[in-house]
Each structure stands twice: as C-alpha cells, then as structure tokens.
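One structure is given here, and the rest of the page talks about it.
Only this structure's heavy atoms are used, side chains among them; waters, hydrogens and symmetry mates stay out.
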Protein chains: 2
Amino acid sequence: MVRPETRQRVQDAIDALGYRANQAARQMRTGRSRLIAARIEPAQDGINGSILDRFLHGLADAAAPARYRVLLYTAADDAAEIATYDDMLSAYDIDAFVLTSTHHADTRTSWLAERGVPFVTFGRPWDALGSHPWVDVDGAAGTAEATRHLLRAGHRRIGFIGWPAGSGVGDDRRSGWAAALAEAGIDGHGLDAVTADGVAEGAAAARDLLTRGEPVTAIVCCSDSLALGALHATGGAEPAMPGTPAPGRVAVIGFDDTPVAQAVGLTSIAQPLGEAATHCLRLLAAQLDAPDSRPPGDGQILLAPALVPRRTA
Amino acid sequence: MVRPETRQRVQDAIDALGYRANQAARQMRTGRSRLIAARIEPAQDGINGSILDRFLHGLADAAAPARYRVLLYTAADDAAEIATYDDMLSAYDIDAFVLTSTHHADTRTSWLAERGVPFVTFGRPWDALGSHPWVDVDGAAGTAEATRHLLRAGHRRIGFIGWPAGSGVGDDRRSGWAAALAEAGIDGHGLDAVTADGVAEGAAAARDLLTRGEPVTAIVCCSDSLALGALHATGGAEPAMPGTPAPGRVAVIGFDDTPVAQAVGLTSIAQPLGEAATHCLRLLAAQLDAPDSRPPGDGQILLAPALVPRRTA
DNA sequence: TTGTAGGCGTTATCAG
DNA sequence: CTGATAACGCCTACAA
C-alpha cells in the first residue's frame, strides 16, 4: 500500500546497505521464529537407521526455499521428547514440529495438539487417523506390489517375515502381502514368520520358513536387515555387482532400499523420502501461513513406495 | 551477589511459574543465540553418504548437554555456503559454525575468520594447519594400521586403490599405506591404482592391480565403495553372516566402516565420529564461553581411527 | 543488597 | 499514503 516509486527507492536502499531483518527482534514482536524442529535419532542401528536421515535431508532441502530452518533435537523416549518440546517452545518459539516414528498410544501428538502447537507427523497416527495432518508411505501397497511381482514370476508359495503384531508399520506391511495373496486366491496361512528386526533374526526366520511342510519359494521381508539374513539363509546371497545373474534358489525382497540393498543387489521397496519431506513442509507452511484454513488434501497424505527390482527377485 | 534466602525465593518462583528465559529477547540484548549451524549434505550417494550423518548425530548429542542447539542448512557449493553464512549471521545471530568436508583452497574458512565468526572444521585445513581450531581423523594412521595388519598376516604385495592426487583426504590415506610398506622395507611403487570413487570403479581398479606383472595379494582401499568393487573383482565377495569363514583369495580392507561393510563382512577402518563431534563442540564452547583464551590442546585435534577386522582380511 | 530505567530491532497502531 | 510511538522480554548499569 505504497507508491511503486517509493517502494523501489526503499528496495534500493535495502540492497545498498545489505539490510537484513533481524529474526530475534521480529520473533520477539511477532512470536514466530521461522524455525521448525525435527528429531534426529540418538544412535544408528546401521542398516535401517539411515531412513530418517534421508528424510531429514529432504526436510532441510524443502525448508530452505520456504525460508524456514530446521532445528535439531534429540530425545531418548517420548517423555523426554515432550520435555524438549516444552523447552524449545518457551525458549525458542519454535513454529512447528515434525514428528517421526509414530506408534500406538503416542502421547506426543496429544500434548502438542492440546497446546495448539502446529505439527505434522511423518508416519500415520495409528490410533486416530483423522486427528491431525500427517504424511506416510503406504507400506501395504509396497508389500502388495512386491508380492504381485513374485506372483507374476510364477511363485505361489510366497512367505513373509515380519515383526510382532502391534507395531503399526509392521502390521501394515504384512497386510499388503496377505491382500495380494488373497487376490490371487492363495491362502497365506502358515507362510509367515514373526521376529525382531536384525540380520541374524531374518536368517533364523527364513530357515524356519524353509523347513516347514511345504517350503516357500519366495520371501517378502519387513526390512532390508531381515531380507539380508533371509538371503544368506537361502544361499542366495552374493556380491554386489550389477549385471550379475540372479543366484539364489529362493527369491527375496526387502524393504527400504537401503545402501546395503543396493550393494548386495537385493530387490527392495523404496520409500519416496524426499517427497514425504516436501509434503510435510507444505502442510506445515499451509498451517502456519494461513492459521485457520483446512490444510490442502485434508492434510492426510499417503505416498506410494516403489519396487526396485534387482538380482534377488 | 544476593542473600541466599532471596535466591531461594526467586528460584521457587521460577519453578512455580515454570518460567523460562526467552531466547529471542536474550539474543536481542546479548547478541548470542546458543545456536550452532551445521551443514547437511543435499543428497545421499548411498554407501558413503552416511558418514556426515553420523557426525551430525554426534553433534546434536553433544550440543544438548551444553545447552546449544544445532541448526541445519544446505548449500550446493562453497559460494552458496558463504551466502548462507551471511544470511544466518545477520538474521539469526548464529554463535558458531561447524564446517565439514574441508578441501584445498577452501574459501569458507577465511571468510568466517575475516569476520571473526567462531567456527571449527571437522577435517583439517589442508593448506594452513595452524590457522584455526579443527578436529580430524588420522586417515594415514588408519591405512597404516590396515597395512600392518596385512603384513602381519604374511602379505607382502599389498596394493592400494585411492583417489586422484590433490584431495587432502585421499593423499593422507595413501601416505599411511606407503609409510607402512616402507617401514617393512617394501617398495610400493606400481602397487597402487587411482580412480574416482564408486563400486564399479573399485572393481576396475582391482582388476588392473591383479593383471599386472606381479599381482597383489591384498588391497587397502580409500573407501568402502571401492573396497566392495575390489571384493567382487577378486571373487571374494559373499554374503553377510558373521561366523562365515573368509572366502576370497585376495584380502581387502575398506575405509569408513559403513553399514555396507558390516553387512558384507568387509574389514574396514572406522572413524570415531561421535568423539569427533564431541571435540568439535568442546572447542566451540571453549571459544564461545571464554572469548579470548587459547582453545584447549591448541585446538588441533587428530583422532585415531580403528581397524574393524572381519572376513575379508 | 535491592529496585528501576533504558534500549536492543521489529511490527502494529494511530494520528497526521 | 506517511510518520511517530509503544511494546515484545531481557540484560546492564545506576540509583536508592
């Protein structure tokens, strides 16, 4: 609401002097910091730990053009994380939080919601899907695609190695496998094994699947760790080079498309992590820039993963 | 400088009201933000990309107890990174920067030094070692240890696959191998190959080393990517399981101890990244909390990596 | 030992 | 359309 000429004159002065608005002063006046907080996992469990890192990269990339910045924090458990929210909120006026690794009975979301703090979760709120904006990857679609890929290759007895029931993510991934089998008129009963995550655990579970009455000819796994173990147990493990013919007698598909999968030639399901991060930031920006408007697409975004076929399936 | 009784009364009030000092106001008054900026790499190159992530984890962990927080930024190149410094400095009053991936003719350090901005580098300033506080891992010590490990196992013709000269890190790692060979009275001439980083590149280089007049019986590599390639080229690549006997006819040792090395059973050299991060933060805190004191240990810290023996050597 | 005034750089409000 | 003024919360200095 100012004459264009004046506007230009001011802009020139800004450029000439190299003026930059001071965030601290602005923040004190407006109460907004243009800071978004995200958690970085304390330690790495090697094979699987890198997923959240890649998501974080995406977040930082997406934040920059929107002129937001990402502030890191760590927390050992949900209680500590909530304490950290409290701290960051009162000390830094964090504009919003990005939560990861949602799970059943997640106390973090309700804490934030009660206080009216904007946030998005990367991961569905497994207990109450409509309660807040979230972005997630459709694990069931991924395992279903993997299973159909194996069906097309002629497999009928397709096993599944997953995590104990109740984990949200794990149950979701299992359901895709089960659905694809049902689609093909196959009874999946007795074709699956449950175990904690890990390479050795995957190997043990695979050996179990192979020594049952009718052994499986292919296995879909909940993670690349499990798949790597399965690969070894089925004798299908081998080097890394692209172009090498498929070796194993049992097809194996992992989940997450980690560097290890690439290195070993393991067929795996890749999550669109960068895309997920972009959506998270978009939802947040919508919330922050227009406080009382519905987020676009209702704020619930489910992304499809992609099968990356390699030597093992 | 106040009666203990009064002090207590104030403390009680603080607790009762849940009062927290507002950083924005404090920052405006004092000019310090308790924010430390660190760069997160834009994209991942899979096998090797995770090193800086692990460092970042360490940094976030170390920052928390010192009541600093880590602010992320991304930048495509040095020029963009400097522009980002400028921006963050004037808008957020960043207290200090942690730079990674130092290289020859690094313009970032001089820019910051000229402006009196506190910073540490993770990575030596290859051109002028005494110029500012830094923390680094002694790559030469790592490759020397790896080479000695192979010598002890009876190897004499120990090859090296490294990167083109001029990269600081690469030259350093090569020098350790050369020194260990010289120590044992072996001439390393003709036992090394130079190539860009990558699995395929490593395989090609290894094939080269194996088809020379007197082929090598062991290879030390500049990275796990190269080592993985070498492993395949020498026929030594195989699954992942611990406890499997060593298979290859040529011993191979990688660098960085990435998840891929763990998965494949590749012997590798591990950098103490958490320790490095802790030191970085300590140096920074010393600089920030006592502006004109020499940093402890002169502010130049060289950490020793550790060989992690696995099946391939 | 305790209370009070001023200013850090913005933005919002209100009178010209 | 423009210029002046107050207030955000903290810290420092100075007065009581």
Open item on the list: Can you tell me how far apart CD (B/Q300) and CG (B/D136) are? Round to the nearest 0.5 Å.
Closed with: 11.0 Å
- [ ] Quick one: pull up CG in B/D61 and CG in B/L56 and give me the separation to the nearest 0.5 Å.
- [x] 10.0 Å
Task: Carboxylate-amine/guanidinium contact A/D86 A/R115, below 4.0 Å - done: no
Task: Under 4.0 Å protein heavy-atom contacts per nucleotide of nucleotides 8-16 of chain D, with B for base, S for backbone only and - for none - done: BBBBS----
Task: Cation-pi geometry met for A/R39 and A/Y73 (6.0 Å, 45°) - done: no
Task: Salt-bridge contact A/D87-B/R69 (side-chain N to carboxylate O under 4.0 Å) - done: yes
